[in-house]
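Numbers for residues simply follow the sequence, beginning at 1.
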Amino acid sequence: MHHATATRIARLIYNAAQRRFEAVVEFFTPGLVEPLRVPVRINAAPGISHRQLTRALTREAQRRGIGGL
């Protein structure tokens, strides 16, 4: 992700029934009129630290193929 200038976790919920976090990660990139929105899900305990959670969500979004931006 060479040209991305900002990342934001736009929506985040903890699905207790599935024991996972569900989020929409937004990537703001020069040249795009609107941010690229990538839905992600990660299995994690509700006590995960904020830093670990944001890193895991962002990496999962990047893994889904936005790395070529």
Side-chain angles (χ1 to χ4, degrees):
M1 191 170 65
H2 305 295
H3 303 291
T5 58
T7 304
R8 178 176 81 147
I9 309 300
R11 190 187 108 232
L12 176 65
I13 63 168
Y14 183 72
N15 183 332
Q18 300 291 320
R19 296 182 181 175
R20 68 182 179 203
F21 284 92
E22 300 173 359
V24 174
V25 179
E26 292 182 336
F27 294 93
F28 297 85
T29 304
L32 291 180
V33 177
E34 294 185 17
L36 175 63
R37 292 176 179 91
V38 181
V40 294
R41 297 176 181 154
I42 61 163
N43 296 327
I48 189 172
S49 75
H50 179 264
R51 182 178 178 164
Q52 288 174 321
L53 179 59
T54 56
R55 179 179 284 165
L57 291 168
T58 302
R59 284 186 179 168
E60 179 62 17
Q62 291 171 334
R63 187 189 71 77
R64 289 177 166 256
I66 62 94
L69 286 179

Practice problem: Kindly check if the number of other-residue, nucleotide or ligand heavy atoms within 6.0 Å of CZ (R11) is above 12? | Solution: yes

Quiz item: Roughly how far apart are L53 CG and I48 CD1, rounded to 0.5 Å?
Solution: 5.5 Å

Exercise. Dump the intermediate steps for side-chain contact (heavy atoms from CB on, under 4.5 Å) on F21 and N15, then the final yes or no.
Key: CA-CA 6 Å; F21 284 92; N15 183 332; over 6 Å; no

Quiz item: Can you find a pair of side-chain heavy atoms, one from F27 and one from R8, that are under 4.5 Å apart?
Solution: no

Quiz item: Which residues pass the side chain to side chain donor-acceptor pair (under 3.5 Å) test with R55, sequence neighbours left out?
Solution: none

Quiz item: Which atoms form the tightest heavy-atom contact between P46 and Y14, and what is the distance?
Solution: CD-OH, 3.4 Å

Practice problem: State the CZ-CD1 distance between R20 and I13, to the nearest 0.5 angstrom. | Solution: 8.5 Å

Self-check item: Side-chain heavy atoms of V24 within contact of L12, under 4.5 Å
Solution: no

Just distance, no hydrogens or angles: give the donor-acceptor pairs under 3.5 Å from side chains in residues 34-43, sequence neighbours left out.
from, atom 1, to, atom 2, distance (Å)
R37, NE, E26, OE2, 2.8

Practice problem: Evaluate the side-chain contact (heavy atoms from CB on, under 4.5 Å) criterion for residues F28 and T7: first the C-alpha distance (whole Å), next the side-chain angles of each, then the deciding distance (0.1 Å), finally the verdict. | Solution: CA-CA 6 Å; F28 297 85; T7 304; over 6 Å; no

Quiz prompt | Residues forming a side chain to side chain donor-acceptor pair (under 3.5 Å) with Q52, sequence neighbours excluded | solution = S49

